[in-house]
Amino acid sequence: MENIIKYAGSDLNDRRIDFLLATPQQDGGDFDPIVALVEKYGVVPEEAMPETAVTKNSSELDALLNRMLREDAYALRKLVAEGKSDADIEEARKGMLSDIYRVLCVSFGNPPEKIDFVYRDTDKKYHADRGLTPLEFYKKYLGDVKLEDCIGVINLPVEGMDYNKSYEIDMTGEVLGSKRRCRYVNVPIDVMKQATIKQLKAGEPVWFGCDVLQDSDFQKGIMALNLYDVQKMMGLEFKMDKGERFQYNQSLPTHAMMIAGVDLDEDGNPIRWKVENSWGTTAHGKPVGHQGYFIMDDSWFTEYNYEVAVRREYLPDDVVKAYDAEPEVLPYWNTFNPEP
């Protein structure tokens, strides 16, 4: 909404306006906004805010929200065109946000302002911690996770995007009141793999963003390069490499999951990876993988994994230094934008 107001004077055919209206929102995202939201609002145990039918299948909600936001964009642009005051426009915007919040509460349930956390420790001793806000719960029970230490590491072998250089994307991933922005440091694939292996060896899973739509079978739980040999079957030859597929919109990050383990050869090189998906054990009435887990071969990681979130300590010093340096800001239409 803020960008709709900011660029209200631009023609509807302007590329920026087209971008904002094409998909006003979607339920994808990236690691940095997750961290920003958690650090701002906190988290709650699942029993305090259980899953709903909509959280498990959000397509209809997405369609409704996008319709609402396009209606709101029309109304806001009209107010600006009519020369209404900033106060009038802000009042209208807050009313629109109130409608969106109501729809989200109907779909997901009201976010609890306070929770009671009841549990037994490893010695079977009963504990009841009552009246915690979500932020207090996060800081008290999950503060050691230190999400702020994890940074976005990408592999984009693309001309014009240098390795050991940081990037941000215009109009993307901003959470009001948070200093955390969507920032990435581009590295060779081997650097990404080694940092991932180090974090797994330390006993911590690794968040990653990949193109799950390529060469994968969600029922069998397999992600393998050339899983089905379409080229041989159809007499075709695909010639683009990873960077070229990205540039031509053939492949881009479409889904985030967790890497839970890795199988290494005797020299310490990865053979395959254990992946925990977020779709549960069933989807659309069909089983998902191996009780929700997938096997990803290493060649698939190379070709279709684009991003991991790893702790600074597992990265070379020059990569961390590059991440902290002033980033290059990519245009909002860049294929890597997590909010298309």
Side-chain angles (χ1 to χ4, degrees), residues 30-32 34-35 142 144-158 161-167 182-212 214-216 221-227 241-243 245-246 251-278 289-324 336 338:
D30 212 327
F31 185 77
D32 289 307
I34 294 171
V35 175
L142 298 171
D144 290 342
V145 175
K146 296 183 178 178
L147 291 174
E148 67 274 11
D149 290 346
C150 297
I151 61 177
V153 177
I154 63 174
N155 171 246
L156 282 179
V158 174
M161 290 190 66
D162 299 334
Y163 287 144
N164 280 18
K165 185 174 180 179
S166 62
Y167 297 90
C182 275
R183 178 179 291 193
Y184 319 93
V185 58
N186 196 19
V187 302
I189 192 67
D190 289 342
V191 173
M192 176 185 282
K193 289 181 181 180
Q194 287 305 309
T196 301
I197 291 170
K198 288 179 181 179
Q199 186 158 312
L200 290 172
K201 285 184 173 182
E204 188 172 3
V206 176
W207 180 99
F208 77 111
C210 66
D211 191 355
V212 75
Q214 307 287 342
D215 288 329
S216 66
I222 298 173
M223 303 155 73
L225 202 61
N226 298 320
L227 179 61
D241 61 23
K242 182 178 185 177
R245 288 193 300 270
F246 174 82
S251 180
L252 64 156
T254 57
H255 189 49
M257 296 181 279
M258 296 291 287
I259 299 176
V262 60
D263 184 15
L264 304 175
D265 65 18
E266 58 184 14
D267 296 319
N269 299 312
I271 301 171
R272 52 186 171 263
W273 307 77
K274 182 179 181 180
V275 172
E276 182 180 3
N277 204 343
S278 58
H290 311 274
Q291 293 296 307
Y293 285 87
F294 282 43
I295 296 172
M296 172 175 63
D297 79 21
D298 188 59
S299 61
W300 198 97
F301 186 118
T302 299
E303 295 297 325
Y304 295 122
N305 189 21
Y306 289 97
E307 179 185 5
V308 297
V310 292
R311 298 196 181 279
R312 292 168 175 264
E313 63 187 280
Y314 303 126
L315 290 163
D317 291 342
D318 59 335
V319 172
V320 175
K321 184 177 180 180
Y323 176 87
D324 290 331
F336 203 79

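In this structure the side chain of Ile295 never reaches within 4.5 angstrom of the side chain of Ile222, judged on heavy atoms. The shortest distance between side-chain heavy atoms of Tyr167 and Asn186 falls below 4.5 Å. At a threshold of 4.5 Å between non-hydrogen side-chain atoms, the residues Ile189 and Phe301 count as touching. Side-chain contact check for Ile259 versus Glu276: every heavy-atom pair is 4.5 Å or farther apart. Proximity of Cys150 to Val35: side-chain heavy atoms (C-beta onward) are nowhere separated by under 4.5 Å. Between Arg245 and Gln214, every side-chain heavy-atom pair lies at or beyond the 4.5 Å cut-off. Between Phe208 and Met296 there is a side-chain heavy-atom pair separated by less than 4.5 Å. At least one side-chain heavy atom of Phe336 sits under 4.5 Å from a side-chain heavy atom of Ile154.
When each of Lys146, Arg311, Lys198 is paired with Glu204, the salt bridge (Lys or Arg N to Asp or Glu O under 4.0 Å) condition holds for Arg311 and for no other.
Side-chain contact annotation: Thr302 with Lys242, donor-acceptor N/O pair under 3.5 Å absent. No side-chain N or O of Asp263 forms a donor-acceptor pair with one of Trp273 less than 3.5 Å apart. Of the N and O atoms on the side chains of Tyr304 and Ser216, not one donor lies less than 3.5 Å from an acceptor on the other residue. Using modelled atom types, one finds no donor on one side chain facing an acceptor on the other under 3.5 Å when comparing Asp32 with Tyr184. Using a 3.5 Å distance cut-off with no hydrogens or angles, the side chains of His255 and Asp211 do not pair a donor with an acceptor.
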The test is side-chain contact (heavy atoms from CB on, under 4.5 Å); show your working for Tyr293 and Asn277 and say whether it passes. CA-CA 6 Å; Tyr293 285 87; Asn277 204 343; over 6 Å; no
Apply side-chain contact (heavy atoms from CB on, under 4.5 Å) to the pair Val308 and Val153, showing each step before the final yes or no. CA-CA 5 Å; Val308 297; Val153 177; 4.0 Å; yes
Run the side-chain hydrogen bond (donor to acceptor under 3.5 Å, both in side chains) check on Tyr314 and Thr196 step by step: do they pass? CA-CA 8 Å; Tyr314 303 126; Thr196 301; over 6 Å; no
Pair Asn305-Asn155, side-chain contact (heavy atoms from CB on, under 4.5 Å): steps then yes or no: CA-CA 8 Å; Asn305 189 21; Asn155 171 246; over 6 Å; no
With side-chain contact (heavy atoms from CB on, under 4.5 Å) as the criterion, how do Phe246 and Val158 come out once you've worked through the C-alpha distance, each side chain's angles and the decisive distance to 0.1 Å? CA-CA 8 Å; Phe246 174 82; Val158 174; 3.9 Å; yes
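Distance check, rounded to the nearest 0.5 Å: CD1 of Ile271 to CG of Asp298 gives 9.0 Å. Rounding to the nearest 0.5 angstrom, the gap separating the OH atom in Tyr323 from the CG atom in Asp318 is 15.5 Å. Taken from CH2 in Trp207 to CG in Leu147, the straight-line distance is 12.5 Å, to the nearest 0.5 Å.
Nearest heavy atom pair, residue Leu200 against residue Ala260, reads CD2-C, 3.9 Å. Taking all atoms of both residues into account, the shortest heavy-atom contact from Tyr163 to Leu156 is CE2-O, 4.2 Å. Shown here for Leu315 and Val320, the closest heavy-atom pair between the two residues is CB-CG2, 4.0 Å.
At distances below 3.5 Å, not a single donor-acceptor pair connects side-chain atoms of Asp297 with backbone N or O atoms of Arg272. Distance alone, capped at 3.5 Å, is enough to place a donor-acceptor pair between the Gln199 side chain and the Pro205 backbone. Checked by atom type and distance alone, the side chain of Ser166 never pairs as donor or acceptor with a backbone atom of Val185 at under 3.5 Å. The backbone N or O of Asn269 sits nowhere less than 3.5 Å from a side-chain atom of Asp267 that would complete a donor-acceptor pair.
In this structure, Lys274 is not positioned above the aromatic face of Phe294 in the sense of NZ or CZ being under 6.0 Å from the six-membered ring centre and within 45° of the axis.
No salt bridge links Arg183 with Asp324; every basic N to acidic carboxylate O contact stays at or beyond 4.0 Å.
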